[in-house]
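Take a look at the structure below.
Below, all heavy atoms of this structure are taken into account, side chains as well, without hydrogens, waters or symmetry copies. Given the structure is predicted, the values throughout are model-derived calculations rather than measurements.
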Amino acid sequence: MFREITIGQYYPAESRLHRLDPRVKLFGTLIYLISIFIANDIWGFLFLTVMLGVVIGLSKVPFSYMVKGLKGIVTLLIIAGVFNLFMTPGQTLAQLGPLTISDVGLKNAVLMTARMIFLIIGTSIMTLTTTPNQLTDGLEISLAPLTLINVPVHEIALMMSIALRFIPILVEETDKIMKAQMARGADFESGGIVKKAKAMVPLLVPLFVSAFRRASDLALAMEARCYHGGEGRTKMKPLRYEEYDKRAYVWIVLYLLVLIVIRVVF
Amino acid sequence: MNIIEAKQLVHEFFRRDEEGNIEGIQVALNKVDLKVEAGQFISILGHNGSGKSTLAKHINALLTPSDGTLYVDGKDTADSNNELAIRQSAGMVFQNPDNQIIASIVEEDVGFGPENMGVPTDEIWERVERSLKSVGMWKYHAHSPNKLSGGQKQRVAIAGVMAMEPKCIILDEPTAMLDPDGRKEVIKVAHELNRKKGMTVILITHYMEEVVGSDYVYVMDKGKVVMEGEPRDIFSRVDELKSHRMDVPQITLLAHELKKSGLDIPDGILTREELINVLNLG
């Protein structure tokens, strides 16, 4: 039941987007997130849709993969849409008993839903085309300035990559513990939410104990291999900008400029 | 010169109550003397709780002596300035293969040690390739460690230590969690490294079968070195081994019993082939 967890899911393929330096992709995603909120009319979103289409085409990741990410938030989208639709004051367009739909409300609801969908699809393109390790490497370098204000960037990046390595191991272990307990008559399937949650407690205790033991073993093994923090460390796979990375930066900036122009002109 | 030299090494663990007062002292190492020459293959035998893993952690400077001295490659482990240098010259492989692999790709894990030491990028790649080849795992360099067998993971862990180019490598019960095939694989690799690369190997184990090819054997019990000598010499002292709760290999036991019943065969038979030979001649 836990095997479906897919954090930082990566879709292996040979594409321009896959080859791109993770720092470029992080920057691009950031600009994209900002751009979603700059676009506020039909022309802006038309442009966004076209650009997103181009990027999806470049990524060579099947579109159905990205839509998967949307399934989880359908309820959230509907609730947010409905609230925006009925709760925003403005000129009344239609009236259904106590509920009124205003012009502002309609616009907000549509914008809001569109923004959420664009947000999920856009960010999932990044995680689908970047391996978790590249992502943490990219984050480590991009966030490096934060070390000036004492944010332990290297440590956070290392923690992320270790966490990603141990997810499958802990998932397997959870499965084992569950099966061992089911063999002795534990019931994880029946009953309401409260009963199911209670059945999880005897599962979590041994899982936590083993996770702590693993953590302490790992810390010892890291120390034994001369780990002493990020200081004086070299990289086996350092990030280097190629020609197409630089071109990608230009495209990203151009994209933002066009969107701003659209907003100002129309 | 001896690469590892322990003199009257003592390690005490303190048991504390909830307020942090010392309730009792457990002596894990009791005046241990140990000498390892460069290029040797040394085994340390002992059952659970004999202090053998504590000794291993001392050699890697993960623990420091309560009393006595330990020199690794001429450096005193009690001096915390030597810590990194000692860990570079004496690499350590642990029992659980899953809990010592840090990265999610084999080659990145092998590169972890050299990265920590500040080795330049190009040289890291050379070292990774060389050490993965030396344990026969190069073809898996781009794989995820999660998909490997226990023996393969343990070989990756050995490669991870080899990439740091240590003078000596300590294997702390590397086979305890493996199946028989994986155990043979790992022991074979350890012997190959010793023979072909001249690596000093210290194998810590409780399986007597694994001790067979080593140059010198120490047997530990209750924190003390109770027996030492060449494998053949150790294996001939069957009754003494049993008194230290060691499981003597069946072949050695059989030869021992045959001899006791009056058959004229030498002491310390280690392998089945040897026994067959001796019986044919006799």
Quick one: CG on B:D98 to CZ on A:R165, what's the gap to the nearest 0.5 Å?
5.5 Å
Do B:I124 and A:K237 come close enough that some side-chain heavy atom pair is under 4.5 Å?
no
Just how far is it from atom CD of B:E108 to atom CG of A:D137, taken to the nearest 0.5 Å?
7.5 Å
Residues of residues 158-179 of chain B under 4.5 Å from chain A (heavy atom pairs)?
B:G160, B:M164
Whether over 12 other heavy atoms sit under 6.0 Å from A:R16 CZ:
no
Is there a side-chain contact (heavy atoms from CB on, under 4.5 Å) between A:F166 and B:N99? Walk through the geometry before answering.
CA-CA 9 Å; A:F166 275 87; B:N99 296 356; 4.2 Å; yes
For B:V93, is it the side chain, the backbone, both, or neither that has a heavy atom closer than 4.5 Å to a heavy atom of chain A?
neither
Point-to-point distance, once rounded to the nearest 0.5 Å, from CZ of A:R225 to CG of B:N116
8.0 Å
Got a donor-acceptor contact below 3.5 angstrom from the B:T121 side chain to the A:K235 backbone?
yes
All pairs passing ring-ring contact (aromatic ring centres under 6.0 Å, His included) where residues 153-181 of chain B contributes a residue, at least two apart
none
A:M236 side chain near B:F112 side chain, heavy-atom distance below 4.5 Å:
no
Listed partners of A:D245 passing salt bridge (charged side-chain N to carboxylate O under 4.0 Å, His left out), at least two apart:
none
B:E107 versus chain A, heavy atoms under 4.5 Å apart: side chain, backbone, both or neither?
both
Can you tell which of A:A219, A:C226, A:G229, A:P168 has the highest number of heavy-atom pairs within less than 4.5 Å of chain B?
A:C226
Heavy-atom neighbours of A:L148 CG exceed 12 at 6.0 Å:
yes
Distance check, rounded to the nearest 0.5 Å: B:L62 atom CG versus A:L220 atom CG?
4.5 Å
Highest number of heavy-atom pairs under 4.5 Å with chain B: which of A:A224, A:S161, A:A215, A:A221?
A:A224
May I ask you to name which of B:N96, B:N60, B:I101 has the most heavy-atom pairs under 4.5 Å with chain A?
B:I101
For B:K35, does the NZ atom sit with more than 12 other heavy atoms under 6.0 Å from it, leaving out its own atoms?
no
With B:R155, which residues qualify under salt bridge (charged side-chain N to carboxylate O under 4.0 Å, His left out), at least two apart?
B:E185
Toward chain B, the part of A:L218 with a non-hydrogen atom under 4.5 Å:
both
Name the region of B:A103, side chain, backbone, both or neither, that has any atom closer than 4.5 Å to a heavy atom of chain A.
backbone
With a 4.5 Å cut-off on side-chain heavy atoms, are B:L84 and A:H228 touching?
yes
